[in-house]
Amino acid sequence: MDKIRARFAPSPTGELHIGGARTALFNWLFVRRYGGKMILRIDDTDKQRSTEEYLDTIINSLTWLGLTWDEGPEKGGDFGPYMQSQRLDLYNKVLERLIADGKAYYCFCTTEELEQQKEKDQREGRPPRYTGLCRNLSYHEVEEKKAACANNYVIRLLVPEEGDTVVEDVIRGWVTFENKGLGDFIIRKSDGLPTYNFASAVDDNLMQVTHVIRAEEHLSNTPRQQIIQEQLGYNAPVYAHVPMILAPDHSKLSKRHGATSVQEYRDLGILPEALINYLALLGWSPGEDREIMDIEEMVERFSLEKVSKNPAIYDLQKLTWLNSHYLRSLDLERIKEEAIPFLLKHGHISMEDVSKKEKTIGKVIELVREKVRTLEEIAEASVYFFHDEFPYEEKGTEKHFRQEGARNLLEEISSCLTSIEPFQAEEIKEGLQVLSKQKDIPLKKINPLLRFAVTGQTMGPDLMNTLEVLGKEKILERLEKAASICSS
RNA sequence: GGCCCCUUCGUCUAAUCGGUUAGGACACCAGCCUUUCAAGCUGGCAACAGGGGUUCGAAUCCCCUAGGGGUCACCA
């Protein structure tokens with residue numbers, strides 16, 4: 001087989017959606033697996049909705065996920081430019097050829113006329129389809145109308161009414177479409193830009209794309225693209241239409257279902273490793289019951305044939321579970337780097353603290369990451385490490401502070417801790433054990449109270465280490481404060 | 001509505017050519033461990049959409065029905 005070339009072709013009309021991210025992932029894995037080239041092409045033929053900001057966020061998201069490309073805008077390559085809006089000359093040349101060959105024609109029908117025709121078709125039980133009103137205009141008629149309509153015309157492809165178009169899809173096999181169901185569709189819009197089907201078909205050929213891996217919503221459009229390629233004498237690429245990602249209610253994923261873009265998951269404190277791993281599992285099975293994989297293992301195992309055919313419903317809980325796994329198992333340095341922005345955002349630390357309190361920050365993250373599932377939760381769960389003012393949980397207050405003898409015990413603990421030196425986990429543990437024995441109070445009673453008094457929470461990371469990180473001074477202050485609450 | 005795709009636990013999925021107690025993971029439940037549990041360990045619950053065929057034998061092959069999704073744009 002020739003050198004494999006696959007492309008990811010987002011349109012910059014929104015942020016990178018998780019469905020798009022998975023499509024990009026599958027393209028990337030495929031290319032890496034078989035040693036091909038990855039192309040990033042920007043399908044920005046929708047002049048109204050495309051923006052540079054969206055382009056930036058898409059590129060940001062891809063980069064954050066680690067999905068790199070060999071050719072693309074900025075980066076360049078032998079088949080550029082990689083923005084469709086910069087390829088208009090190319091499309092126009094192809095268009096001219098099609099018209100000269102009588103394979104495409106100008107159409108001057110107005111929206112109203114088309115609307116009427118459509119209604120009539122529906123009334124009379126015909127499928128609404130363009131029937132070729134402008135198909136047989138003479139050269140003079142075309143010139144006349146062109147002059148009269150101020151360039152407000154489109155170009156349509158003359159679609160054969162007989163025969164079938166067969167699409168080769170790696171995931172679905174051979175899919176047959178009847179040509180008569182297609183109609184003469186538009187390939188250039190009145191603003192002079194090509195339509196998606198046309199630009200896509202032309203570019204896939206010009207960029208020598210061998211495999212088109214994209215979402216299933218494009219399957220029904222594929223025969224159109226293939227007919228364009230046929231009319232142009234191109235060979236069609238191999239297709240792979242990956243199943244859609246649906247919301248829990250089986251509908252198309254939308255804003256009302258919560259986070260749908262990569263950027264939103266990032267803001268929620270999801271790690272790229274977790275998102276990649278989760279997305280890989282959605283619609284693809286690596287075999288041998290593998291679940292947690294790094295990207296290299298995915299590359300080794302990936303194949304389009306093992307991509308499933310049915311749509312997948314995304315499940316936030318599994319993503320979160322994977323995230324908690326990576327939170328715990330990745331290098332602390334890595335997690336630190338990712339968590340610090342969240343600590344800053346929550347006002348736990350300042351910019352100067354990042355280097356000034358680096359060691360403490362590292363220790364806090366190391367402790368807290370064992371207990372939480374997202375970077376956001378690291379920040380939420382570490383309030384008491386960074387602030388002396390923190391709320392006491394309701395149920396804990398009830399359970400610990402309203403307890404008979406609570407104040408007394410807190411004072412005992414306080415004096416016990418005062419003498420511990422050095423103030424480190426091991427020593428603290430021993431000290432508390434001694435206290436437990438002397439007073440004949442089980443640690444099961446001492447420790448939870450102590451935790452609650454100094455953190456305001458009934459649960460949290462390892463207590464001894466928490467105490468060590470907090471430091472004696474703070475703890476003694478907090479114990480005193482807690483004791484005063486008990487007495488009131 | 002026409003056309004196209006799809007259908008295994010609640011969810012993601014596995015089950016080489018038809019023969020499995022239909023496997024794993026998340027979630028859920030229970031037990032254990034522990035200074036806490038939101039961690040860890042162990043165990044449990046839970047599925048072949050329905051109906052016809054073909055076959056000694058069907059989740060697997062064929063047909064029909066139902067359900068879901070996509071597409072039929074001067075959006076991609």
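This is a predicted model, so every value here is computed, not measured. Lettering of chains follows the sequences in order, A, B, ..., and the numbering in each one begins at 1.
B:rG44 is paired with B:rC28 under the criterion used here, namely a Watson-Crick or G-U wobble arrangement in which both key atom distances are under 3.5 Å.
Interface residues of residues 276-290 of chain A facing RNA chain B, ordered by number: A:Leu281, A:Leu282, A:Gly283, A:Ser285, A:Asp289; criterion, heavy-atom separation under 4.0 Å. The stretch residues 439-449 of chain A touches RNA chain B through A:Lys444, A:Asn447, A:Pro448, each having a heavy atom under 4.0 angstrom from the strand.
Evaluation of the side-chain contact (heavy atoms from CB on, under 4.5 Å) rule for A:Ala379 yields A:Phe342, A:Leu343, A:His346, A:His348 as partners, not counting sequence neighbours. Partners of A:Phe385 by ring pair (Phe, Tyr, Trp, His ring centres under 6.0 Å), not counting sequence neighbours: none found. With sequence neighbours excluded, the residues forming a side-chain contact (heavy atoms from CB on, under 4.5 Å) with A:Leu332 are A:Ile365, A:Glu366, A:Arg369, listed by chain and number. With sequence neighbours left out, A:Leu114 forms a side-chain contact (heavy atoms from CB on, under 4.5 Å) with A:Cys109, A:Tyr130, A:Arg156.
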Under 3.5 Å donor-acceptor pairs involving side-chain atoms of residues 435-454 of chain A, not counting sequence neighbours:
{"unit_1": "A:Ser436", "atom_1": "OG", "unit_2": "A:Ile441", "atom_2": "O", "d": "2.7"}
{"unit_1": "A:Arg451", "atom_1": "NH1", "unit_2": "A:Pro461", "atom_2": "O", "d": "2.9"}
{"unit_1": "A:Arg451", "atom_1": "NH2", "unit_2": "A:Pro461", "atom_2": "O", "d": "3.0"}

Please tabulate, for the side chains in residues 161-168 of chain A, all donor-acceptor contacts under 3.5 angstrom to protein atoms that are two or more places apart in sequence or on a different chain.
{"unit_1": "A:Glu161", "atom_1": "OE2", "unit_2": "A:Arg135", "atom_2": "NH1", "d": "2.8"}
{"unit_1": "A:Glu161", "atom_1": "OE2", "unit_2": "A:Arg135", "atom_2": "NH2", "d": "3.3"}
{"unit_1": "A:Thr165", "atom_1": "OG1", "unit_2": "A:Asn179", "atom_2": "OD1", "d": "2.6"}

What side-chain donor-acceptor pairs closer than 3.5 Å can you find for residues 12-25 of chain A, not counting sequence neighbours?
{"unit_1": "A:Thr13", "atom_1": "OG1", "unit_2": "A:Ser11", "atom_2": "OG", "d": "3.1"}
{"unit_1": "A:Glu15", "atom_1": "OE1", "unit_2": "A:Ser261", "atom_2": "OG", "d": "2.7"}
{"unit_1": "A:His17", "atom_1": "ND1", "unit_2": "A:Gly19", "atom_2": "N", "d": "3.0"}
{"unit_1": "A:Arg22", "atom_1": "NH1", "unit_2": "A:Leu282", "atom_2": "O", "d": "2.6"}
{"unit_1": "A:Arg22", "atom_1": "NH2", "unit_2": "A:Pro243", "atom_2": "O", "d": "2.2"}
{"unit_1": "A:Thr23", "atom_1": "OG1", "unit_2": "A:Gly19", "atom_2": "O", "d": "3.1"}

*Taking protein heavy atoms under 4.0 Å as touching, what does nucleotides 69-76 of chain B look like 5' to 3' if B marks base contact, S marks sugar-phosphate-only contact and - marks none?*
SBSS-BBB
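Backbone-only contact: A:Thr176 has heavy atoms under 4.0 Å from sugar-phosphate atoms and none from a base.
Screening residues 300-320 of chain A for salt bridge (charged side-chain N to carboxylate O under 4.0 Å, His left out), with sequence neighbours left out, gives A:Glu288-A:Arg301, A:Glu291-A:Lys318, A:Glu297-A:Arg301. Residue pairs meeting the ring pair (Phe, Tyr, Trp, His ring centres under 6.0 Å) criterion with at least one partner in residues 145-192 of chain A, sequence neighbours excluded, are A:Tyr106-A:Tyr153, A:Phe108-A:Tyr153.
In terms of phosphate contacts, A:Asn310 brings a side-chain nitrogen or oxygen within less than 4.0 Å of OP1 or OP2 of B:rU8.
When distances are taken from the side chain of A:Met459 to each of B:rG24, B:rA27, B:rU36, the shortest belongs to B:rU36.
Between the C1' atom of B:rC6 and the NZ atom of A:Lys309 lies a distance of 9 Å, rounded to the nearest Å.
Evaluated for a side-chain contact (heavy atoms from CB on, under 4.5 Å) with A:Leu275, the options A:Ile270, A:Leu322, A:Asn323 yield exactly one hit, A:Ile270.
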